[in-house]
2 protein chains.
Amino acid sequence: MGTVATGTRERLLSAARDLIEEGGYGAASVLAIAERAGVAAGTLYRHFASKEELFVEVFRSVCEREESAMRAAAAALPESATAQQRLQAVLGTFARRALRNPRLAWALIAEPVDPRVDAERIAYRARYAELIAAGLAAGIAAGELPEQNVDLTAAALVGGCGEALVGPLSPLAADGPDADEIVAALRTFVGRAVGAP
Amino acid sequence: MGTVATGTRERLLSAARDLIEEGGYGAASVLAIAERAGVAAGTLYRHFASKEELFVEVFRSVCEREESAMRAAAAALPESATAQQRLQAVLGTFARRALRNPRLAWALIAEPVDPRVDAERIAYRARYAELIAAGLAAGIAAGELPEQNVDLTAAALVGGCGEALVGPLSPLAADGPDADEIVAALRTFVGRAVGAP
DNA sequence: GTAAGCTGTGAATCCCGATTCATGCCCAGC
DNA sequence: GCTGGGCATGAATCGGGATTCACAGCTTAC
């Protein structure tokens with residue numbers, strides 16, 4: 001039956017996702033993926049043209065999940081919410097999710113990858129920055145936030161939150177998991193950086 | 001004479017540095033480095049235990065140059081300068097240098113590298129973040145800046161400036177080289193982010 | 001002048017994971 | 001029950017760059 005083939009394909013995808021979450025891209029060799037999926041190495045090539053293509057598919061689906069989580073966080077706010085509240089909701093969601101699954105966050109944000117996967121990452125970060133830039137523009141239009149180069153602010157916020165949360169400079173890398181404290185400090189940083197009152 | 005050997009060693013270092021500045025680490029294969037230095041591939045191993053070791057040395061010397069440039073920028077200010085002015089001087093210097101040599105900045109900040117070189121990079125970024133954190137702490141002590149988690153703010157600033165200047169989200173990646181405008185916008189961002197009045 | 005010890009050479013070798021492919025297995029259709 | 005086609009196998013192959021090493025040339029010491 002075709003369902004068997006579909007099952008294999010999906011087992012391969014989820015094996016790859018699991019391995020990446022656990023040990024990064026390095027841990028996800030063709031052999032390891034196949035083994036965890038319970039098939040032979042060659043079988044992977046019955047379902048994907050290359051390892052890279054499989055990775056692209058995994059990466060894309062994980063990014064979509066993350067992106068909808070952030071959009072949902074913004075959408076869940078009442079109509080009357082300020083632009084600043086929306087930004088805080090988006091960045092706070094990002095932060096909480098990243099802290100809950102640091103290995104995955106590192107893989108999505110910073111870990112070295114093949115060029116085609118990297119292209120997906122850039123697209124993801126760009127959509128994320130756009131989301132923020134749009135929020136900033138709305139806040140400026142509403143008179144809540146001061147005039148500024150929204151693209152640069154958005155890029156700096158994406159980079160800054162990424163570094164603070166998953167980079168080697170992250171305070172988390174040093175001491176314990178005061179996750180809530182980190183999120184709070186990051187909110188303060190973001191609020192000030194965008195010029196909120 | 002020993003001087004010949006020294007000459008070769010330094011030619012190898014500078015060949016590697018040039019290649020990295022021009023085309024990133026990928027362009028700096030052992031063969032390419034040796035060729036540009038005017039020697040055979042095997043010769044590299046008369047002077048360095050491995051390619052990685054050579055890279056570490058190149059990376060370290062470039063980082064030292066960058067770091068002293070930033071320290072010098074801070075030190076050049078009069079005694080009476082505010083903490084905020086010092087921070088602006090450091091980050092402005094970083095920004096100007098990165099914009100002047102984007103390929104090198106990318107190699108120093110974001111390009112994937114071997115683990116031992118990456119360790120150097122992390123150490124460099126950590127020193128840089130410390131420089132900023134110290135400035136923040138001084139500003140807080142002097143009552144100029146509000147209380148905050150200085151390590152997190154410093155990490156976010158390093159990451160944010162890096163992304164805004166050399167990352168794929170950088171406004172520079174999209175349009176022309178309004179370098180001065182970018183630096184100005186970044187200064188605004190930094191000033192607000194640290195909570196300057 | 002010659003031996004000892006450098007430095008330089010570059011083709012051969014190693015390494016290691018992705019990718020291929022000849023072969024075997026299973027099941028549907030007849 | 002036989003057969004055709006698709007899926008699975010996994011050992012063999014490939015690829016590409018780092019690394020080695022047997023050999024050669026030059027310099028210095030005595």
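Atoms considered below: every heavy atom in the structure, side chains included; atoms not considered: hydrogens, waters and symmetry mates. The sequence lines fix the lettering, A, B, ..., with proteins before strands; numbering per chain opens at 1.
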Exercise. When we call it a touch if two heavy atoms are under 4.0 Å apart, what does B:Val30 touch: a base, just sugar-phosphate, or nothing?
Worked result: base

Exercise. Ignoring hydrogens and geometry, is there a side-chain-to-backbone donor-acceptor pair from A:Arg121 to A:Ala107 under 3.5 Å?
Worked result: yes

Problem set entry | N or O in side chain of B:His47 less than 4.0 angstrom from C:dG8 OP1/OP2 | yes

For this session: Between D:dT19, C:dG8, C:dT20, spot the one nearest the side chain of A:Tyr45, thanks.
Result: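 When the side chain of A:Tyr45 is considered, C:dT20 is the closest of D:dT19, C:dG8, C:dT20.
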
For this session: In whole angstrom, give the distance that lies between atom CD of A:Glu35 and atom P of C:dA18.
Result: 13 Å

Exercise. Do B:Glu57 and B:Arg9 meet the salt-bridge criterion of a basic N to acidic O distance under 4.0 Å?
Worked result: yes

Exercise. Rounded to the Å, how far apart are B:Leu12 CG and C:dT9 C1'?
Worked result: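 Rounded to the whole Å, the gap is 14 Å.
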
For this session: Please state how far atom CZ in A:Phe48 lies from atom C1' in C:dA18, giving the value in whole angstrom units.
Result: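 Spelled out: CZ on A:Phe48 to C1' on C:dA18 is 16 Å.
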
Problem set entry | A:Glu144 side chain vs A:Thr82 backbone, donor-acceptor pair below 3.5 Å | no

Exercise. Are the side chain of A:Arg103 and the backbone of A:Gly23 linked by a donor-acceptor contact shorter than 3.5 Å?
Worked result: yes

Seminar exercise, completed: Against the side chain of B:Val39, the closest entry in C:dT9, D:dA8, D:dT19 is C:dT9

Problem set entry | Donor-acceptor pair, side chain of B:Arg17 and main chain of B:Val58, under 3.5 angstrom |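 No, because the side chain of B:Arg17 does not come within donor-acceptor range (under 3.5 Å) of the backbone of B:Val58.
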
Exercise. Expressed in angstrom and rounded to an integer, what is the separation of A:Leu31 atom CG from D:dA11 atom C1'?
Worked result: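 Result: 12 Å.
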
Seminar exercise, completed: Of C:dG8, C:dA22, C:dT19, the nucleotide closest to the side chain of B:Thr43 is C:dG8

Exercise. B:Ile33 CD1 to C:dG10 C1': how many Å, rounded?
Worked result: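 Atom-to-atom, B:Ile33 to C:dG10, this comes out as 17 Å.
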
For this session: Can you tell me the distance, in whole Å, between the NZ atom of A:Lys51 and the P atom of C:dC16?
Result: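 It works out to 15 Å between those atoms.
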
Exercise. Quick one: on DNA chain C, does B:Gly38 or A:Leu44 contact a more 5' nucleotide (nearest heavy atom)?
Worked result: B:Gly38

For this session: Check every atom of C:dT7, D:dC7, D:dA18 against the side chain of A:Arg46 and return the nucleotide holding the closest atom.
Result: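 Side chain of A:Arg46 sits closest to D:dC7.
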
Exercise. From C:dG8, C:dT19, C:dT9, pick the nucleotide closest to the side chain of B:Ala40?
Worked result: C:dT9

For this session: Would you mind reading off the distance between B:Leu54 atom CG and D:dA18 atom P, rounded to a whole angstrom?
Result: 11 Å

Exercise. Taking OP1 and OP2 of D:dA8, is either one under 4.0 Å from a side-chain nitrogen or oxygen of A:Thr8?
Worked result: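 For D:dA8, OP1/OP2 do have a side-chain N/O of A:Thr8 under 4.0 Å.
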
